[in-house]
*Asks:* 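Can you read through this structure? Questions will come right after.
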4 protein chains.
Amino acid sequence: MKISEKKEEKRSRILDAAAAVFSKEGYHQAKVEDIARIAGIGKGTIYLYFKNKRHLYYCMIKEIYDIFLESIYTQIECENDLKKALKTITEYTFDFLDSHKEMANLLINRPGTVDEDIQAWLFAQKQKIVDFLAQIIKKYADSNNCDRDFDSTLVAHCFLGALAALMAERLFGYNKIDSAKLTDKMLDIFFHGIHNSSVQV
Amino acid sequence: MKISEKKEEKRSRILDAAAAVFSKEGYHQAKVEDIARIAGIGKGTIYLYFKNKRHLYYCMIKEIYDIFLESIYTQIECENDLKKALKTITEYTFDFLDSHKEMANLLINRPGTVDEDIQAWLFAQKQKIVDFLAQIIKKYADSNNCDRDFDSTLVAHCFLGALAALMAERLFGYNKIDSAKLTDKMLDIFFHGIHNSSVQV
Amino acid sequence: MKISEKKEEKRSRILDAAAAVFSKEGYHQAKVEDIARIAGIGKGTIYLYFKNKRHLYYCMIKEIYDIFLESIYTQIECENDLKKALKTITEYTFDFLDSHKEMANLLINRPGTVDEDIQAWLFAQKQKIVDFLAQIIKKYADSNNCDRDFDSTLVAHCFLGALAALMAERLFGYNKIDSAKLTDKMLDIFFHGIHNSSVQV
Amino acid sequence: MKISEKKEEKRSRILDAAAAVFSKEGYHQAKVEDIARIAGIGKGTIYLYFKNKRHLYYCMIKEIYDIFLESIYTQIECENDLKKALKTITEYTFDFLDSHKEMANLLINRPGTVDEDIQAWLFAQKQKIVDFLAQIIKKYADSNNCDRDFDSTLVAHCFLGALAALMAERLFGYNKIDSAKLTDKMLDIFFHGIHNSSVQV
DNA sequence: CATGAATGAGCCTTCATTCAT
DNA sequence: AATGAATGAAGGCTCATTCAT
């Protein structure tokens with residue numbers, strides 16, 4: 001028990017250090033030695049837990065995605081109200097990056113720069129989220145007898161794109177935006193558009 | 001004249017080759033030698049035109065952005081109709097990446113992976129587009145006496161984020177989407193939202 | 001007693017494992033960890049019995065040579081007939097390598113690849129065999145009033161060289177040669193040469 | 001012309017340095033950096049001429065074998081007298097190793113310790129020599145209506161084994177033997193054996 | 001001007017050895 | 001006594017950059 005716990009704890013420390021370094025430097029410039037130093041261990045130790053640098057990167061990014069996605073899924077799963085669902089996703093995303101600031105750069109700007117396999121894997125992950133979201137949107141449209149004719153997958157893409165853009169702005173931008181208000185405003189745009197409704201009628 | 005023209009032409013060839021290689025491989029994996037070979041010149045010659053690899057990258061990406069942005073600006077500048085403006089931007093972006101497919105990967109996925117300075121520069125470029133767009137949106141809202149209260153900068157971010165997401169999907173996704181329809185659908189979402197308008201009334 | 005017996009048994013297991021691994025991989029490519037695994041013990045334990053990898057190698061190869069040489073000596077010691085003595089040596093060598101196939105590669109191809117000290121030690125061991133053999137040959141020549149004038153040390157070298165070559169061929173060659181016939185043929189060559197004796201007369 | 005000559009000259013310098021270092025240290029302990037230093041060039045330069053350390057080793061040992069074997073073949077090819085042929089081989093071998101002392105250790109003790117491919121290649125080379133020699137011996141036996149019944153391949157193996165043993169002794173032994181006498185004595189043993197011919201009659 | 005052969009700093013990875021348990 | 005997790009020195013190889021031609 002104790003030993004496997006210790007190993008798990010050390011593996012976790014390495015993954016944290018890896019996230020920090022990879023996020024700051026990008027995959028290719030990150031040095032295994034730096035990761036080791038930040039994890040407080042020897043260089044060789046990393047290779048007891050991960051086959052090589054690439055494997056370490058993959059495990060790290062997979063862990064982050066797993067945590068993030070699983071959490072999103074469970075929170076949304078049984079939610080029938082689209083607005084609430086999107087709000088939850090948005091808020092959770094903000095929170096997640098706020099509490100993992102050190103890897104924000106990685107997630108937003110640098111994820112797929114290792115090789116084609118990892119790029120493909122990331123693409124597949126993203127596809128899953130899009131599909132999941134599109135399905136919720138579709139359900140919403142159907143259940144509301146919605147007279148508007150929109151492609152739910154397209155909407156999902158737009159929504160996630162907008163979300164990513166706002167994340168980047170919030171994280172790297174000079175004007176820090178309050179996340180609560182941001183969420184509401186963004187959802188308002190998506191639900192009602194920017195068109196002057198009074199004119200529309 | 002002739003000499004400086006020749007020089008300019010060679011410089012241009014190097015930049016094209018750099019765009020192709022950096023886009024395919026990413027900054028750190030791209031080899032100066034490959035760029036030289038594709039440009040049809042000797043390896044050392046690159047260093048007669050650019051201080052080093054980093055500088056070459058910067059010049060290349062700057063050139064692309066300059067071309068792209070200038071084109072956008074001039075096309076939109078005197079456009080008063082927001083919908084038309086956004087449509088133009090969207091269509092031009094699609095066309096641009098279609099005709100520069102070899103650097104699409106670079107522009108969408110890999111731009112800021114060199115160092116913090118370049119990341120900051122890119123961020124500033126993006127900021128300019130956002131500001132420009134926000135200004136147009138603001139003008140539209142004001143001139144229409146719009147009763148809806150939205151943050152034009154926020155809308156600009158969302159719009160560009162969505163645009164980027166659709167670009168990525170169109171470029172790397174399995175289902176190639178027709179760009180004309182895509183544009184219309186996307187703008188429809190942004191203008192009227194996804195809410196059931198019949199219910200809304 | 002019991003403890004020292006146990007220790008001896010473990011030491012022996014390590015030496016056997018070392019012989020197997022060193023023979024298969026060669027000194028530098030052999031991994032201490034593999035030896036430990038094959039010996040069924042922990043990696044650190046090896047260092048309780050041997051100072052380091054080099055020492056382990058030395059002890060192992062010394063043990064093999066000791067067993068081999070002692071056996072040869074005792075079998076030949078009181079043999080007065082040279083032909084019988086050479087036959088015994090040849091047959092015993094074949095048998096020894098047949099029953100230690102796993103270290104044949106080591107003994108034939110890889111022994112002295114560690115450092116100069118070990119190479120010198122091996123050279124000295126070989127010298128002993130040569131001297132021993134030369135002495136027997138000398139005795140034979142003297143006692144037979146042999147009219148042929150040959151350098152017994154030279155003959156010893158030639159005989160052992162030929163023996164080694166045949167061992168290598170038998171072990172790694174495609175045509176497995178029957179050892180009994182081989183011995184007779186080889187001794188025949190050494191005793192009577194390849195010259196046409198009928199012509200000679 | 002000039003350039004390719006210079007390249008050839010440098011390649012040759014690298015191969016010489018490689019022979020010296022590999023011979024002294026063995027493949028695995030030899031450092032590429034040492035080879036470069038001895039060749040008087042930078043470490044990276046070696047990789048302009050050879051794919052990697054293994055390839056360098058292979059090219060070096062192949063070159064040595066090619067030079068050696070080709071020379072032997074051409075000298076022996078049209079020789080009908082077996083004794084002269086064997087004498088030529090023996091003398092040439094002595095001369096070759098005398099003039100390439102620095103790689104003697106490599107050729108005698110360490111050649112096949114890199115990997116199985118190279119070991120197999122070396123084995124094949126040796127096989128060629130054996131076959132070549134066996135063929136000459138066979139021709140000799142046939143043409144002389146030799147009444148002695150010996151396996152020419154076996155004789156070839158024995159001869160080469162004895163030759164190798166004498167080479168090793170001459171190179172590493174304390175008593176330097178004069179090569180001219182050595183050759184005669186050795187051939188005498190092979191042709192007439194050590195048996196007392198007066199007794200034989 | 002243009003070149004590409006040469007360089008060597010830099011980094012990933014291995015593995016003999018140690019030492020806390 | 002025995003272990004095996006941890007270490008870090010060492011070495012193969014790459015590639016941006018230089019400079020002699």
Side-chain angles (χ1 to χ4, degrees), chain A residues 2-4 6-7 10-11 14 28-37 39-56, chain B residues 3 6-7 10 27-37 39-57, chain C residues 3 6-7 10 27-37 39-57, chain D residues 2-4 6-7 10-11 14 28-37 39-56:
Chain A
K2 249 186 174 174
I3 287 177
S4 76
K6 268 203 168 180
K7 288 202 76 173
K10 188 163 285 188
R11 198 188 126 98
I14 296 173
H28 292 288
Q29 268 180 310
K31 289 175 240 172
V32 173
E33 194 160 5
D34 287 345
I35 295 174
R37 184 170 36 255
I41 57 169
K43 199 180 0 170
T45 309
I46 287 182
Y47 291 87
L48 298 179
Y49 292 80
F50 303 94
K51 212 169 49 204
N52 50 35
K53 186 184 177 184
R54 191 190 171 287
H55 183 225
L56 170 58
Chain B
I3 289 178
K6 266 202 169 181
K7 285 200 70 169
K10 191 167 282 190
Y27 178 77
H28 292 290
Q29 277 177 303
K31 293 176 215 167
V32 174
E33 191 159 6
D34 287 345
I35 295 173
R37 183 171 42 257
I41 57 168
K43 203 183 348 173
T45 310
I46 287 182
Y47 289 85
L48 300 178
Y49 292 81
F50 303 94
K51 208 170 55 200
N52 51 33
K53 186 184 179 185
R54 191 189 170 287
H55 182 224
L56 169 58
Y57 184 86
Chain C
I3 289 178
K6 267 203 167 179
K7 286 199 70 170
K10 191 166 283 188
Y27 178 76
H28 292 290
Q29 277 177 301
K31 294 175 214 166
V32 173
E33 190 160 7
D34 287 345
I35 295 172
R37 183 170 41 256
I41 57 168
K43 203 182 348 173
T45 310
I46 287 182
Y47 290 84
L48 299 177
Y49 291 81
F50 303 94
K51 209 169 55 199
N52 52 32
K53 186 183 178 185
R54 191 190 170 287
H55 183 225
L56 169 57
Y57 184 85
Chain D
K2 251 188 174 174
I3 287 178
S4 76
K6 269 205 166 179
K7 288 202 75 172
K10 188 162 285 189
R11 198 188 125 98
I14 296 173
H28 292 289
Q29 267 180 311
K31 288 175 240 172
V32 173
E33 194 160 6
D34 286 345
I35 295 174
R37 184 170 37 256
I41 57 171
K43 196 181 6 169
T45 309
I46 286 183
Y47 291 88
L48 298 179
Y49 292 81
F50 303 94
K51 212 169 49 201
N52 50 33
K53 187 184 177 185
R54 191 191 171 285
H55 182 225
L56 170 58

*Asks:* Using side chain to side chain donor-acceptor pair (under 3.5 Å) as the criterion, list what pairs up with His55(A), not counting sequence neighbours.
*Replies:* none
*Asks:* In whole Å, what is the span from the CZ atom of Phe50(D) to the P atom of dG12(F)?
*Replies:* 15 Å
*Asks:* Sequence neighbours left out, what passes salt bridge (Lys or Arg N to Asp or Glu O under 4.0 Å) with Arg54(D)? Give chain and number order.
*Replies:* Asp115(D), Asp117(D)
*Asks:* How does protein reach along nucleotides 13-21 of chain F, written 5' to 3' as B (base within reach of a heavy atom under 4.0 Å), S (only sugar-phosphate), or - (no contact)?
*Replies:* BBSSBB---
*Asks:* List in chain and number order the residues that pass side chain to side chain donor-acceptor pair (under 3.5 Å) with Glu33(C), two or more places apart in sequence or in another chain; answer none if no residue qualifies.
*Replies:* none
*Asks:* In whole angstrom, give the distance that lies between atom CD1 of Ile46(A) and atom C1' of dC12(E).
*Replies:* 11 Å
*Asks:* Round to a whole Å and report the spacing from CG of Leu56(A) to C1' of dT13(E).
*Replies:* 13 Å
*Asks:* If you find the nucleotide of DNA chain E closest to Lys10(D) and the one closest to Lys10(B), which residue's nucleotide is nearer the 5' end?
*Replies:* Lys10(B)
*Asks:* List the atom of Ala30(D), the atom of Lys53(D), and the distance in Å for their closest heavy-atom pair.
*Replies:* O-NZ, 2.9 Å
*Asks:* Would you say Lys7(D) places a side-chain N or O within less than 4.0 Å of OP1 or OP2 belonging to dA6(E)?
*Replies:* no
*Asks:* Decide yes or no for Val32(C) and Leu56(C): does some side-chain heavy atom of the first lie under 4.5 Å from some side-chain heavy atom of the second?
*Replies:* no
*Asks:* For the helix from dA2(E)-dT21(F) to dT21(E)-dA2(F), what is the angle between the axes at its two ends, each from 5 pairs, rounded to 10°?
*Replies:* 10°
